[in-house]
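Computed from heavy atoms alone, side chains included, the values below leave out hydrogens, waters and symmetry copies. Remember, predicted model here, so these are calculated numbers, not experimental data. Every number for a ligand or one of its atoms is a count from 1 in the order of the listing.
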Amino acid sequence: MTAESGTAAAESTRAAELSSALTGLLTRIETACRAAGRDPDEVQLLPVTKFFPAADIEALYRLGRREFGESREQEAAAKVAALGHLSSVRWHMIGRLQRNKAKAVARWAHAVHSVDTERLAAALDSAAGAAREDGHRTAPLEVLLQVSLDGDPTRSGVSPDDLPRLADQVAAAEHLRLAGLMAIPPLAADPEPEFARLAALHTRLRADHPDATELSAGMSGDLEVAIRHGSTCVRVGTALMGERPITSG
Ligand SMILES: *Cc1c(COP(=O)(O)O)cnc(C)c1O
């Protein structure tokens, strides 16, 4: 076998692997929706492609996926640049974000799921404004507020007490659109009561902001529980892509 045909064979093996994992995952989501009495169309699958190469994203694109989640700005920006030939792709920033990366993220992200402070929201608003001015984007940046479910200040997420004020700020920002909420249950916690609390916070948020309909909740291990509690977007890495080479924060 030549080196080139070896590479092609490896690529088609990987594409087949992703195809079969995707089919299994979509069935799993559909089953969870039926069990919860929900329409599967209400729940979006967001493949989380961090640590995996652009070639994997291209394979998923050929399988019909158009939205991808990344958690590190530099890694994401490199993939966005490498995949510029793919049309209609929407990139989601789902990881912890430093304010000094706001400018870069506003150029490529359709949505940011991890906004948890007023300072970050303000930085993203001006960055999205600049990106619109210089032609890098047209639409406002979709913003999901990441909520801290356990109130641990060392972890990401706005506390439930501070959530209403942050929501009002984002809703009033010229270049942001308040899309909804996101949360990650604490590692060792039973996700059931965590997602129940999140759902209650979401209901309360929508009383003030009826268009903030998105609830980004559920990952490989707990997506069924999240769907039962109203998730509209499950962010799935491992169950689709396989084990990551290193774990990320
Ligand atoms: C990595 C990551 C995921 C995906 O986690 P899996 O357990 O691999 O499905 C979801 N959300 C965020 C914010 C992540 O960083």
Per-atom contacts of ligand 1 with I184, taking only distances under 4.0 Å to non-hydrogen atoms = 13 (C)
Presence of salt bridge, E17 and R14, under 4.0 angstrom = yes
task = Quick one: list whatever passes ring-ring contact (aromatic ring centres under 6.0 Å, His included) with H92, sequence neighbours left out.
result = H110, H113
inquiry  = My understanding is that only residues two or more places apart in sequence, or in another chain, count here; which of them pass salt bridge (charged side-chain N to carboxylate O under 4.0 Å, His left out) with E58?
reply    = none
Proximity winner for atom 2 (C) of ligand 1, if only heavy atoms of K50, M219, R96, R72 are counted = K50
Proximity of H113 to ligand 1 by residue part, where a heavy atom lies under 4.0 Å = neither
query = Based purely on interatomic distance, does I94 place a nitrogen or oxygen under 3.5 Å from a nitrogen or oxygen of ligand 1?
reply = no
key: Trace of the side-chain contact (heavy atoms from CB on, under 4.5 Å) decision for T232 with Q44   = CA-CA 6 Å; T232 63; Q44 179 199 357; over 6 Å; no
task = Determine whether L60 and I94 fall in the same hydrophobic cluster, where Ile, Leu, Val, Met, Phe, Trp and Tyr are linked whenever their side-chain heavy atoms lie under 4.5 Å apart.
result = no
request  = Run the numbers for me: atoms of ligand 1, each under 4.0 Å from some heavy atom of V236, listed by number.
outcome  = 9 (O)
message = Would S220 count as being in polar contact with ligand 1, using the rule that some N or O on each side must be under 3.5 angstrom apart?
response = yes
